[in-house]
Amino acid sequence: MRRTTLFRQLVEADEILVLPGVHDALSARLAEAAGFSAVTCGGYAATASLLGAPDIAQLSMTEMADMYARLADATKLPILADADTGYGNAINVARTVRAFERAGVAALFIEDQVAPKRCGHMDGKRVIPVAEMVAKLKAALDARTDPDLVIMARTDARATEGLEAAIERAQIYRAAGADLIFVEAPLTVDEMSRVCSEVPAPCMANNVEGGKTPLLSAEALQEIGYAVVAFPVAATYVIAHALARFYGVLKSTGESSSLQKEMSSFSAFHDIVGLAGLREFERGCESFARDLLERVAEPDARPE
């Protein structure tokens, strides 16, 4: 089954789809090993990983597409990609969709912020006119070659125009053909319930630790009516905290043995990155080469 088809089925399933955030190939492998059905990688985590910088639109479309290609090579899981504002107008959006689709993503979302955008839980956001966003969605839907590629529309209008306007935008984006809807940063559980009840589409919740939206369990979000929940930054925060602790201990003590219980072992890490499988593949290629050369060396195998 194509990853796009699988992702679409997971969105449409009765059980809410839980998307852990990843920010590199290693974290994608770990999420797959943990048993998740799909993953997401947003601009926040990607910017932190690639630049060590905040999510204020510093990465280009090609940098993001290249990262998604690496993730798709590292895991068999469907990937929900962050296409930001589409990196320009409708023409740019079409190119973005084609590039991300070639990279191997199963789904992507486009938002209605003014470029340069910023993290959806930061202050100071602005949104583009509805008509401009609808044109971008039209371009995205027309540009996909795989009809199962999920196109999600995100609106950040709650912060600038209020909940009513955000819901109205979400309804319009659904009418334009968006497969999945993401109203960013509702402030209360009641607002979240209104989004799910008034938007005639599968909706995604965004669990950002320390953000503006209440943090609810997947079970609670499913009861509200959400089809998908993303945890886009938690893994990045965990890694930042763990590495800060490790580097602090290493700098102050000059040793790492005291933290070995908090690390993967040498052999366990090789299991995570698939060393045994690669060695087996390597041996198979070498065996094929030896067998071929032996056959060629036989007198009756030589050409006249």
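Values below: every heavy atom of this structure, side chains too, minus hydrogens, waters and symmetry copies. Predicted model, so just to flag it, every value in this text is computed and none were measured.
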Is any side-chain heavy atom of T85 closer than 4.5 Å to one of N92? no
Residues V229, L17; criterion side chain to side chain contact (heavy atoms under 4.5 Å, CB included); working and verdict: CA-CA 6 Å; V229 56; L17 173 60; over 6 Å; no
Apart from L250 itself, what residues make up its hydrophobic cluster, given side-chain heavy atom links below 4.5 Å? I239, L243, F246, Y247, V249, L259, M263
Is there a side-chain contact between T213 and T188 (heavy atoms, below 4.5 Å)? no
K136 side-chain N/O to G88 backbone N/O, donor-acceptor pair under 3.5 Å: yes
Is it true that a side-chain atom of R174 and a backbone atom of P200 form a donor plus acceptor pair closer than 3.5 Å? yes
Count I, L, V, M, F, W, Y as connected when their side-chain heavy atoms are under 4.5 Å apart, and connections chain through other members. Are V195 and I172 then in the same cluster? yes
Less than 4.5 Å apart, side chain to side chain, heavy atoms only: is that true for F231 and L19? no
Give every residue pair that meets the ring pair (Phe, Tyr, Trp, His ring centres under 6.0 Å) criterion with at least one member in residues 50-94, sequence neighbours excluded. Y68-F100
Go through the structure and list residues passing side chain to side chain donor-acceptor pair (under 3.5 Å) with R70, not counting sequence neighbours. D66
Short side-chain to backbone donor-acceptor contact, S252 and G248, under 3.5 Å: yes
Can you tell me how far CZ of R154 sits from CE of M204, rounded to the nearest 0.5 angstrom? 8.0 Å
Contact check, side chains of P232 and V208, non-hydrogen atoms, under 4.5 Å: yes
Is the shortest heavy-atom distance from the side chain of M152 to the side chain of L80 under 4.5 Å? yes
Between V150 and V97, is there shared hydrophobic-cluster membership here, with clusters defined by ILVMFWY side-chain heavy atoms closer than 4.5 Å? no
How would you list, by chain and number, every residue that makes a side chain to side chain donor-acceptor pair (under 3.5 Å) with E255, sequence neighbours excluded? T253, S257, S258
Just jot down the side chain to side chain donor-acceptor pair (under 3.5 Å) partners of Y173, sequence neighbours excluded, or say none. D112, R169
With sequence neighbours left out, write down each residue that passes side-chain contact (heavy atoms from CB on, under 4.5 Å) with P20, or none if nothing qualifies. A31, F36, V39
Not counting sequence neighbours, which residues clear side chain to side chain donor-acceptor pair (under 3.5 Å) with E15? List them please. none
Any heavy-atom pair between the side chains of E12 and P202 that's under 4.5 Å? no
Heavy-atom closest pair (V183 atom, A170 atom, distance to 0.1 Å) is CG2-CB, 3.9 Å
Give, for atom OG of S197 and atom CE of M192, the distance between the pair rounded to the nearest 0.5 Å. 12.5 Å
Once side-chain contact (heavy atoms from CB on, under 4.5 Å) is applied, do any residues pair with R3, and if so which ones, sequence neighbours excluded? A72, P78, A106
Quick one: does E63's side chain have a donor or acceptor within less than 3.5 Å of a partner on S60's backbone? yes
Among T96, T145, T4, side-chain hydrogen bond (donor to acceptor under 3.5 Å, both in side chains) partner for E101: T145
Could you check V127 against V114 for side chain to side chain contact (heavy atoms under 4.5 Å, CB included), going step by step and ending with a plain yes or no? CA-CA 5 Å; V127 293; V114 171; 5.6 Å; no
Taking the side chain from N207 and the backbone from L216, do they hold a donor-acceptor pair closer than 3.5 Å? yes
Quick check: does any side chain N or O of E111 sit under 3.5 Å from a backbone N or O of A153, one acting as donor and the other as acceptor? no
Which pair of heavy atoms, one from R29 and one from G274, lies closest together, and at what distance? NH1-N, 4.4 Å
Count the heavy atoms of every other residue, nucleotide or ligand shown that sit under 6.0 Å from CD1 of I91, and state whether that count exceeds 12. no
Using a 3.5 Å distance criterion without hydrogens, assess whether the side chain of D82 forms a donor-acceptor pair with backbone atoms of D84. yes
Please step through side chain to side chain contact (heavy atoms under 4.5 Å, CB included) for the pair L180 and F109, ending with a clear verdict. CA-CA 9 Å; L180 187 61; F109 70 84; over 6 Å; no
About how many Å separate CE of M133 and NZ of K138, when rounded to the nearest 0.5 Å? 15.0 Å
So which heavy atom on A159 is nearest to which on K125, and how close? CB-CE, 3.7 Å
Just by modelled atom types, is the S256 backbone N or O under 3.5 Å from a matching donor or acceptor in the Q260 side chain? no
Could you go through the side chain to side chain contact (heavy atoms under 4.5 Å, CB included) check for I167 and V199 one step at a time? CA-CA 7 Å; I167 290 175; V199 177; 4.3 Å; yes
Side-chain heavy-atom pair E161, E168 within 4.5 angstrom cut-off: no
Is L149 reachable from M1 through a run of I, L, V, M, F, W or Y residues, each pair having side-chain heavy atoms under 4.5 Å apart? no
Apart from L30 itself, members of its ILVMFWY cluster (side-chain separation under 4.5 Å) are L26, F269, I272, V273
Quiz question: by atom type and distance under 3.5 Å, do the side chains of T155 and E184 form a donor-acceptor pair? no
Taking every non-hydrogen atom, the tightest pair across A99 and M61: CB-SD, 3.7 Å
Main chain of A139, side chain of D142: is a donor-acceptor contact present, judged purely on distance under 3.5 Å? no
In one Ile/Leu/Val/Met/Phe/Trp/Tyr side-chain cluster, 4.5 Å: V189, I16: yes
Minimum heavy-atom separation for M67 and C41, please, with both atom names. CE-SG, 3.3 Å
For A201 against I181, the heavy-atom pair lying closest together: CB-CG1, 3.8 Å
Checking T75 against E32: is there a side-chain donor and acceptor pair closer than 3.5 Å? yes
Check the hydrophobic clustering (I, L, V, M, F, W, Y; side-chain heavy atoms under 4.5 Å; chains of links allowed) and say if V105 and V228 are grouped together. no
Output the distance between atom CZ (R8) and atom CG (L6), rounded to the nearest 0.5 Å. 12.0 Å
Would you kindly say whether D190 and S193 are connected by a side-chain donor-acceptor distance under 3.5 Å? no
Inter- and intrachain pairs under side chain to side chain donor-acceptor pair (under 3.5 Å), touching residues 226-239, at least two apart: H23-T236, Y44-Y237
Could I get the full list of ring pair (Phe, Tyr, Trp, His ring centres under 6.0 Å) partners for F7, not counting sequence neighbours? none
Please answer whether the main-chain N or O of I128 pairs with a side-chain N or O of E132 as donor and acceptor at a distance below 3.5 Å. no
Show the atom names and distances, to 0.1 Å, of all donor-acceptor pairs under 3.5 Å that link a side chain in residues 277-293 to residues at least two apart or in another chain.
| residue | atom | partner | partner atom | Å |
| --- | --- | --- | --- | --- |
| R279 | NH1 | E282 | OE1 | 3.1 |
| E280 | OE1 | R283 | NH2 | 2.8 |

Heavy atoms, side chains only, cut-off 4.5 Å: are R194 and E164 in contact? yes
Nearest-0.5 Å distance, CG of residue L108 to CD1 of residue I110: 6.0 Å
If you round to the nearest 0.5 Å, how far is CD1 of I151 from CZ of R144? 5.5 Å
